[in-house]
Amino acid sequence: MFKSLQFELPFISVCFTLLLVIIYFSRKREVTSEYKLFGVILVTSLLDCISEFTLHFICSIVPLSVIETDFRFLYELMNRVSGLFYIIIFVTLFEYIIIIYDNSEEKLKKLNKMAIVFYIVCAIAHMFTKLEFIEVDGIINVRGSTTMFSYFAAGIFIILSFFLSLYKVIKGDRRYRPIFLIYVLIIVTGLITYLIPGMILYSVLLSVDCYILYFSLEFNKEQKESRMRDKNDFLASMSHEIRTPLNAIVGLSQLLSNYKGQVPEEMNRDIDDIVSSSTTLLEIVGNILDMNKIESDDFVLDSMTYNFKDKVSSLVDSYRKRTKTGVEVICSISDNVPKELIGDSNRMLQIINNLVSNAVKFTDNGYVRVNVTSDIEADTCNLTIIVEDTGKGIKVEDRDKLFTKFERLDVEINSTVSGTGLGLVITKKLIDIMNGNIEVKSEEGKGTKFIVNIPQGIPDDIEVL
């Protein structure tokens, strides 16, 4: 009875796991630690299912005596590799449990480094330990120190993962319920295999586990998207409600500034504070609203013809009138940049404005220079926008924080500079959406240079130099 299942169950497992691999890698998925680990588990499970199917297929058509004499090396090698796959799957599942608790790329890198060292040790042990073949109820099984090592190494992680997931489930964390179910199935399958040695269920277990993990990830993704939509709706509504009265405050405070010469000096400073604070608050609300739009699925770029040179020149000119004394704002646009381009002019100006605004904020003397060049390819203008300043510069350890939400660099030094830390995050996201890239070069105390590359269309009636 079990001898027929020895071939059929692994074959069914290969088919179902292969189907899941096709579905998973053909669909758009999140680039998170959980999805990366699941990808490793899924691919390794498929390879192990194929390996087990091949082994049992050989056993079903080749007698044990022939395997031991003519195919021993190949059969041993495949069993050793299968045992290594077995360990990789359960180590990665353990990593998956840790990452659910603390979804950190840095932690994933550390775990992966430790896992690789462990895999190397296991691979060496698998290559040099003893492996024997025995026949049970007409089915060829393997025994020996290699098998014991595989069971022992994987068993440690199975026990740790089982109790960790059980603890989290008892604590009420729903994310761990599918993981706990997987380990219950692993234990039940182990007991059945121990009691009925001829029952081959390991490949079926791998396939079922992969499906449980996949649907768990998809369910969590849908829940996350639902929460994100609720958050976006709330932020959009609240930002609009705050913006309306705030515009009135900004307008009235700017009107008051026209009467600064007619009031006492102390009131002049108060008026300046009102104008500065209300403008900053309006900018913060605007950034939050922009962030909300960009992170939503409904965000779409406009595509229309606009006068690039005039708009950029006007933007930089506006900074010349309001920069600190001792700071020169320079704008240089190469002659080979077409006067008109096709794209989203508002988002393009927002990118340049954010970079120039940032440069002006952190530059007390010297210059802020905007330099634009282009590289023309057919009907595409690849713009290179360089915003350079002679400001405070950025520490090496702070550069990774530049494009992180609500992160401000060196708070003690920059305590007099207002902002939420959203400007550069928005800039980076817009550049990514526009199929561009951004690079940062900086030296502390000497200044910073942002290099942005963004493609834009060229109208048919525009002559290109």
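For the single chain, residues carry numbers from 1 onward in sequence order.
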Results of side chain to side chain donor-acceptor pair (under 3.5 Å) for Ser313 - residues two or more places apart only: none

Separation of Phe157 CZ from Ile97 CD1 (nearest 0.5 Å): 11.0 Å

Gln456 side chain to Tyr306 side chain, donor-acceptor N/O pair below 3.5 angstrom: yes

Centroid-centroid distance, Phe90 to Phe94, less than 6.0 Å: no

Atom pair OG1/CD1 of Thr305 and Ile342 - distance to nearest 0.5 Å: 4.5 Å

Partners meeting side chain to side chain donor-acceptor pair (under 3.5 Å) with Ser216 (sequence neighbours left out): none

Check against ring pair (Phe, Tyr, Trp, His ring centres under 6.0 Å), Phe180 and Phe162: CA-CA 6 Å; Phe180 180 69; Phe162 174 78; 5.5 Å; yes

Donor-acceptor side-chain pairing of Tyr183 and Ser161 below 3.5 angstrom: yes

Min side-chain heavy-atom separation Cys122-Phe149 under 4.5 Å: yes

salt_bridge(Lys171, Asp173) N-O dist < 4.0 Å: no

Under 3.5 Å donor-acceptor, Ser374 side chain and Asn336 backbone: yes

Set of residues satisfying side chain to side chain donor-acceptor pair (under 3.5 Å) with respect to Asn353, sequence neighbours excluded: Tyr319

Partner set under side chain to side chain contact (heavy atoms under 4.5 Å, CB included) for Ser332, not counting sequence neighbours: Asn371

Which residues share a side chain to side chain contact (heavy atoms under 4.5 Å, CB included) with Ile116, sequence neighbours left out: Ile120

Interatomic spacing from CG in Leu341 to NZ in Lys309 - rounded to 0.5 Å: 9.5 Å

Distance in Å, Lys361 NZ paired with Asn358 CG, rounded so as to fall on 0.5 Å steps: 6.0 Å

Heavy-atom side-chain contact between Ser203 and Thr17 under 4.5 Å: no

No-hydrogen, no-angle side-chain donor-acceptor test under 3.5 Å, Ser334 and Thr373: no

Within 45° cone of Tyr367 ring axis and under 6.0 Å: Arg369 NZ or CZ: yes

Of all pairs that satisfy salt bridge (charged side-chain N to carboxylate O under 4.0 Å, His left out), the ones with a partner from residues 211-221, not counting sequence neighbours: Arg27-Glu218

Atom pair CG (Asp209) and OG1 (Thr189), whose distance is rounded to the nearest 0.5 Å: 7.5 Å

Set of residues satisfying side chain to side chain contact (heavy atoms under 4.5 Å, CB included) with respect to Arg347, sequence neighbours excluded: Asp290, Lys293, Phe299, Leu301, Asp344, Gln350, Leu430, Met434

In a table with atom names and distances, give each donor-acceptor pair under 3.5 Å that connects a side chain of residues 18-26 to protein atoms at least two apart or in another chain.
{"residue": "Tyr24", "atom": "OH", "partner": "Tyr35", "partner atom": "O", "Å": "2.8"}
{"residue": "Ser26", "atom": "OG", "partner": "Ile22", "partner atom": "O", "Å": "2.7"}
{"residue": "Ser26", "atom": "OG", "partner": "Ile23", "partner atom": "O", "Å": "3.1"}

Ser13 side chain to Ser207 side chain, donor-acceptor N/O pair below 3.5 angstrom: no

Close side-chain approach of Ile212 and Leu185, heavy atoms under 4.5 Å: yes

Min side-chain heavy-atom separation Val327-Asp364 under 4.5 Å: no

Student check: side-chain heavy atoms of Phe38 and Thr92 closer than 4.5 Å: no

Any residue meeting side chain to side chain contact (heavy atoms under 4.5 Å, CB included) with Val81, in chain and number order, not counting sequence neighbours: Leu77, Phe85

Straight-line distance of Thr427 OG1 to Asn354 CG, nearest 0.5 Å: 3.5 Å

Enumerate, atom names and distances included, each donor-acceptor pair closer than 3.5 Å involving a side-chain atom of residues 379-386, sequence neighbours excluded.
{"residue": "Asn382", "atom": "ND2", "partner": "Asp375", "partner atom": "O", "Å": "3.4"}
{"residue": "Thr384", "atom": "OG1", "partner": "Asn453", "partner atom": "OD1", "Å": "2.9"}

Residue list, salt bridge (charged side-chain N to carboxylate O under 4.0 Å, His left out) with Asp302, at least two apart or on another chain: none

Contacts of type side chain to side chain donor-acceptor pair (under 3.5 Å), residue Lys449, not counting sequence neighbours: none

